A.B. asks: 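After the structure tokens below, expect a handful of questions from me.
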Amino acid sequence: EDMEAVLASNVVATRLGLGDGDWTLSGSTRPEDLDIQLQALAAYVADPAFRPQAFERVRTSYQAALPQANATPGGVFGLQASRRMHDGDARWAVPSLEEVGDAQLSDLQALLGPVLASAPIEVVVVGEVDPEAVIRSVASTFGGLSARAEAPATVGTVRFPLGAEPVTLTHQGRADQGLAFLAWSTTDAPSDVYRSRVLNVLAAVLRLRLTEELREGQAVTYSPSAGSSPSWDIPGYGYLSAAIEAPPERLDGFFADVDRIAAELRDTPISADELDRARRPIVEAVQRGRNGNDYWVGNLSGLQTEPSRAPAIRTLVSDLERVTPEDLQAAARQYLTPDRSWRLRVVPEPAP
């Protein structure tokens with residue numbers, strides 16, 4: 001509250017996030033307030049205040065939100081899918097109400113304190129700024145911190161689950177709501193950046209075919225989603241997925257549709273027209289994204305520890321444009337196979 005009052009005339013924001021490979025302190029500001037923004041971020045690193053009032057506010061909000069999440073298929077999926085897609089690894093678990101109630105501020109301090117005190121730091125600044133002024137600002141803030149330790153070990157080996165039979169979860173909401181999710185284990189991004197682009201286009205083709213099947217073939221309005229998620233932090237980890245929210249009686253049919261389309265993609269190369277319809281929106285989204293700060297923050301983060309990121313940024317559009325139908329068929333044959341699949345559905349709890 002004191003910082004908000006003191007900085008009321010400035011544009012300063014501070015957020016803390018956690019990803020698979022790093023913690024992130026970030027903020028959005030305007031060029032004239034960049035010095036103050038960097039001072040605020042560096043202050044959180046140098047002198048964090050683990051205040052019990054803030055901890056209790058967050059605990060209260062979690063305790064209110066968790067029961068609400070169980071009332072929809074998407075909410076249950078959000079609570080449970082990440083841990084299940086990392087083969088039960090507790091690092092990807094959403095805490096239960098009991099765990100939230102038992103959490104102590106000292107636990108957070110023990111976890112985060114050493115990271116803030118000694119973990120290596122990467123600073124990324126994007127926007128309408130003068131590079132030399134940024135260097136001076138970083139030198140006078142983060143450059144004044146104590147020496148940092150070496151980069152910690154990687155996340156380690158994490159397996160994607162496999163299984164032909166769907167995992168079934170239940171929600172406490174309406175009886176006409178359900179969710180189906182099917183994914184295939186693929187691989188990480190750094191080991192073969194071009195392959196990750198091929199899988200991205202392959203996911204777009206899958207989404208096109210599912211949409212056409214549901215809206216034109218079955219005359220339903222449900223909108224399926226599909227995407228490819230190769231990890232930059234976990235060696236060998238990634239997946240290509242398709243999902244839909246629909247009435248429970250349609251979920252098995254969705255799985256059958258996805259399996260059939262996957263078989264078609266393995267057996268027959270797609271047409272040049274279908275490739276263009278799948279690829280063009282991806283390229284256009286990239287070109288639009290390059291005009292905004294979020295794109296650059298996301299792509300530049302990790303640049304100093306992952307050498308493949310810089311060339312990956314430069315070749316993104318050209319890689320997408322050189323994807324061929326033969327590339328997509330080869331990827332489908334390698335990854336969209338029954339033995340690499342895993343599926344999950346969320347259905348209403350049975351009536352009492």
Side-chain angles (χ1 to χ4, degrees), residues 77 80-89 92 157-169 179-214 217-218 224-232 234-244 246 250-272 274-275 277-279 282 319-320 322-346:
F77 183 84
Q80 299 204 33
S82 184
R83 180 172 185 170
R84 290 175 180 272
M85 283 193 289
H86 292 83
D87 207 30
D89 194 314
W92 283 270
T157 302
V158 180
R159 294 193 316 115
F160 190 84
L162 303 174
E165 291 300 317
V167 174
T168 299
L169 306 175
L179 181 149
F181 177 88
L182 192 157
W184 297 268
S185 175
T186 57
T187 189
D188 61 76
S191 62
D192 190 332
V193 171
Y194 178 66
R195 177 175 53 195
S196 72
R197 274 74 194 263
V198 172
L199 290 170
N200 194 15
V201 178
L202 183 60
V205 173
L206 176 61
R207 182 170 57 251
L208 274 180
R209 292 204 179 181
L210 281 170
T211 301
E212 291 170 356
E213 169 63 26
L214 291 171
Q218 302 180 27
S225 62
S228 177
S229 303
S231 176
W232 281 92
I234 307 173
Y237 185 88
Y239 58 90
L240 192 154
S241 63
I244 194 170
R250 289 193 173 269
L251 302 186
D252 288 341
F254 174 77
F255 287 136
D257 290 337
V258 176
D259 286 336
R260 176 179 50 76
I261 293 171
E264 293 170 352
L265 294 172
R266 295 194 303 267
D267 295 341
T268 307
I270 71 171
S271 68
E274 188 175 22
L275 172 56
R277 287 190 293 119
R279 173 171 51 199
I282 303 174
D319 278 351
L320 290 168
R322 70 186 178 99
V323 172
T324 66
E326 291 74 22
D327 291 335
L328 296 175
Q329 185 180 19
R333 286 177 170 173
Q334 182 175 1
Y335 295 113
L336 302 191
T337 59
D339 62 308
R340 300 183 72 95
S341 70
W342 180 79
R343 52 200 75 199
L344 179 149
R345 61 185 172 193
V346 186

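Computed from a prediction, not measured in an experiment: that's the story for all the values here. For the single chain, residues carry numbers from 1 onward in sequence order. Computation of the quantities below employed the complete heavy-atom set of this structure, encompassing side-chain atoms and omitting hydrogens, waters and symmetry-equivalent molecules.
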A.B. asks: State whether the side chain of Q329 and the backbone N or O of D267 hold a donor-acceptor pair below 3.5 Å, judged by distance alone.
C.D. replies: yes

A.B. asks: Is the closest side-chain heavy-atom distance between I270 and L265 below 4.5 Å?
C.D. replies: yes

A.B. asks: So, taking the atom named CG in N200 and the one named CD1 in I282, what distance separates them when rounded to the nearest 0.5 Å?
C.D. replies: 4.5 Å

A.B. asks: Would you check if L162 and S185 make a side-chain contact, meaning some heavy-atom pair closer than 4.5 Å?
C.D. replies: yes

A.B. asks: Rounded to the nearest 0.5 Å, how far apart are CG of L199 and OG of S229?
C.D. replies: 10.5 Å

A.B. asks: In plain terms, say whether E213 and R209 are close enough for a salt bridge, that is, a side-chain N and a carboxylate O under 4.0 Å apart.
C.D. replies: no

A.B. asks: Could you tell me how the ring of H86 sits relative to the ring of W92: parallel (under 30°), tilted (30 to 60°) or perpendicular (over 60°)?
C.D. replies: parallel

A.B. asks: Can you tell me how far CG of D257 sits from CG of L214, rounded to the nearest 0.5 angstrom?
C.D. replies: 6.0 Å

A.B. asks: Between the main-chain N or O of R266 and the side-chain N or O of R333, is there a donor-acceptor pair closer than 3.5 Å?
C.D. replies: yes

A.B. asks: Could you check whether any side-chain N or O of R197 sits under 3.5 Å from a backbone N or O of L320, counting only pairs where one atom can act as donor and the other as acceptor?
C.D. replies: no

A.B. asks: Are any side-chain N or O atoms of R277 and backbone N or O atoms of L208, one a donor and one an acceptor, separated by less than 3.5 Å?
C.D. replies: no

A.B. asks: Between R322 and D327, is the closest basic N to carboxylate O distance under 4.0 Å?
C.D. replies: no

A.B. asks: Under 6.0 Å from the CD atom of E326, do we count more than 12 heavy atoms belonging to anything else shown?
C.D. replies: yes

A.B. asks: So, the side chain of D188 versus the backbone of S191: is there a donor-acceptor pair under 3.5 Å, distance only?
C.D. replies: yes

A.B. asks: One pair to check against side chain to side chain contact (heavy atoms under 4.5 Å, CB included): Y237 and M85. What are the steps and the verdict?
C.D. replies: CA-CA 10 Å; Y237 185 88; M85 283 193 289; 3.9 Å; yes

A.B. asks: Rounded to the nearest 0.5 Å, what separates atom OG in S82 from atom CZ in F77?
C.D. replies: 9.0 Å

